[in-house]
Number of protein chains: 2
Amino acid sequence: MGVLVVSPTRVTVAEVARYAGVSSAVVSYVVNDGPRRVAPGTARRVREAIEVLGYRPNSSARALRTGRTGIVGLVLPGTSNPFFGEYADALHAAADRAGVGLLTAGSGGAAASEATAVERIARRDVDGLIVATSISPADISGVSYPRLPTVLVDCAFPVPGYSTVGPEASEGARELVEHLLLVHGHRSVAHVAGHGVDIEPDLRQLGWADAHRRHSRSPGPVTVTDYTRAGGRRGCLDLLGSGPPPSAIFVGSDLQADGVLRALAESGLRVPEDVAVVSFDGTDQSAYTSPPLTVVRQPILAMATAAVETVLDTTGPRHRAFAMDMITRRSCGCSGPPAG
Amino acid sequence: MGVLVVSPTRVTVAEVARYAGVSSAVVSYVVNDGPRRVAPGTARRVREAIEVLGYRPNSSARALRTGRTGIVGLVLPGTSNPFFGEYADALHAAADRAGVGLLTAGSGGAAASEATAVERIARRDVDGLIVATSISPADISGVSYPRLPTVLVDCAFPVPGYSTVGPEASEGARELVEHLLLVHGHRSVAHVAGHGVDIEPDLRQLGWADAHRRHSRSPGPVTVTDYTRAGGRRGCLDLLGSGPPPSAIFVGSDLQADGVLRALAESGLRVPEDVAVVSFDGTDQSAYTSPPLTVVRQPILAMATAAVETVLDTTGPRHRAFAMDMITRRSCGCSGPPAG
DNA sequence: CTGAAAGCGCTAACAA
DNA sequence: TTGTTAGCGCTTTCAG
């Protein structure tokens, strides 16, 4: 058939070996710095040959041979959510440091889509999987890839059979609500919560309730909405429509807080004068809302590092929880510093 | 669900073939639906064997054999920036539709880091590369992976030797500024610009200048800052410090607009009463700032689809530009609708 | 329509 | 210290 393509074929170990006057095994030893030692002079010749010929190892061949791809799968609900956007960046940095690549998929947050996302990723022979599951952990195990090391991130509680990494959500939420109760003297705090994993407790809500209990207050109203801006707005509007405005609101995520702030502005309520607002996550953007949000921040960098470490670590499942830190800004009534 | 696989070692074509009483070639024909036809009955037996044994093709072996990995590399400045977060989501959706995986790397936006990110990705034998380059296109070509199909996204101008996908930035910026000039009657508009690719014109700034020229106005002051929230704040503060406040500001990106809004609030200036603000990008969040931002929106879905199509398309480089649409909200002085 | 068999490029025994 | 070589699992040409 017609056209003869004279494409410069790819350089292989064999050619490097021939050029350097050694065997292909030696080339491999040099490239991988093992498993056998190579005489310094020989090694130098090989490296020179590699340089001259422009040799690059074929990663498919290596993966086929070794059984390891050096790639970890990453399934997130989607980086449109700035929290997961920042998480993704941190995971990439950690993966780079660990020398592995990240094969990503967005789950779109819907359960069906998440299962298929995991499915698609696992199909490609990754060495492990990092999943921010928005669905029940039970569902993920439906994916029958035996023994693929999996770590669930943004997961504040242990899940049997899986490694998990998450914030100390309950403690963080409690600290934030106690700040409102004790420092700013609110009698109670309302809560705009997010739809979570059905079978598990919502730790943020637990912490919020706990803060009230500890100080013998009765909690304000709760409303459960989507983890979206629109959800936050809707939830806040519902709250406002069902009684006198609360004096303070604890929002379950920065994304929802955008919507809450919006709803409050639409309703002519000032923050923090009329209503104090605090939020959970502490993304970069929370310093730029108006007013800037008082938050508990998730230590994303540390959690991402832990996630990558854990997925690469073959010793059994473990749960790692990270302390959150509170950042006070204007939205709670404190006079925070201007953004840097 | 629950078919349980009891094979300790991985199932291969050979085993499927043996189970189905055919040769491995036939199994391959069935799995890949070609290149040779298989008798319906035989095919059914093979599919049954695959099901029963829980066979999954080894993608490394297939890649080694075919020379194609079915994976496209993606290098973005980082998904902490919500614009690129949304872009990443759209690219993932498009990649899924096209049946390819996305191997991602964050470049961190720094030139050195971007080159190494591209380097790391290319090393893994991807079929193509999608890059949102924040640096000079010249620099990317320094990466010497011969003939790796590459498409530059978020790139509003053609670059010789590369495929490019971007918005009609100049037209979009002009439309936005003209809205301020003609509808709201501002005499001139200031501009908070972003540091761009040095050797190329800043099309947003060009559009801004063009709007003034077309209507015989002299442009307001410009300040060039980082494409960050802090950069936007700084730039706006500089603007305010160097003369009387402008009556209107065109901001080069939503991220910077966050900072501009913040700076204005700090300075006690109301939007839009004292200063009108419009922005370029139209990310989801722009509907939730206070006040909501009037923007020109980048058609991210369409551009992402085009990017994936283009990188998979072997016919030569091409440039595709997409029209932006203006969304008027409160920040320009229009009374936009409340967020849905 | 199906089977046999030759590698793709690499790593890691095993030999020397 | 280095060379030889047997596959890893798959696709696809060539025979049947």
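Just so it is clear, the structure is predicted and the values come from calculations on it, not from any experiment. So you know, we letter chains A, B, ... as the sequences are listed, proteins then strands, and number each from 1.
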What contact category does B/T12 fall into here, base, sugar-phosphate, or nothing, at under 4.0 angstrom with non-hydrogen atoms?
sugar-phosphate
Using heavy-atom distances to pick each residue's nearest nucleotide on DNA chain C, tell me which of B/A39 and A/T66 is more 5'.
B/A39
Can you list the steps and then say if B/Y55 with B/V31 is a side-chain contact (heavy atoms from CB on, under 4.5 Å)?
CA-CA 10 Å; B/Y55 168 72; B/V31 168; 4.1 Å; yes
Under 4.0 Å, heavy atoms only, any strand: does A/V38 hit a base, just the sugar-phosphate, or nothing?
sugar-phosphate
What I want to find out is whether B/R97 reaches B/E309 closely enough, with some N-O distance under 4.0 Å, to be called a salt bridge.
no
Would you please classify the geometry between the A/F84 ring and the A/Y87 ring as parallel, tilted or perpendicular, with 30° and 60° separating the classes?
parallel
Assess whether a salt bridge exists between A/D125 and A/R68, defined as any Lys/Arg side-chain N lying under 4.0 Å from an Asp/Glu carboxylate O.
no
Please identify the 5'-most and 3'-most nucleotides of DNA chain C with any atom under 4.0 angstrom from a heavy atom of chain B.
C/dC1 to C/dG9
Nucleotide D/dG9, atom C1' - distance to CZ of A/R123 in whole Å:
17 Å
Please confirm whether the shortest side-chain N or O distance from B/N58 to OP1 or OP2 of D/dC8 is below 4.0 Å.
no
What nitrogen or oxygen pairs link the protein and nucleotides 3-6 of chain D at under 3.5 Å?
residue, atom, partner, partner atom, Å
D/dG3, OP2, A/S23, N, 2.6
D/dG3, OP2, A/S23, OG, 3.3
D/dG3, O6, A/Y29, OH, 3.4

To the nearest Å, how far apart are B/N32 CG and D/dG9 C1'?
13 Å
Residues forming a side chain to side chain donor-acceptor pair (under 3.5 Å) with B/T42, sequence neighbours excluded
none
Residues B/R47, B/E51: salt bridge by 4.0 Å N-O rule
no
Does atom CZ of B/R18 have more than 12 heavy-atom neighbours from other groups under 6.0 Å away?
no
B/T79 and side-chain hydrogen bond (donor to acceptor under 3.5 Å, both in side chains): which single residue from A/T79, A/T104, A/D89 fits?
A/D89
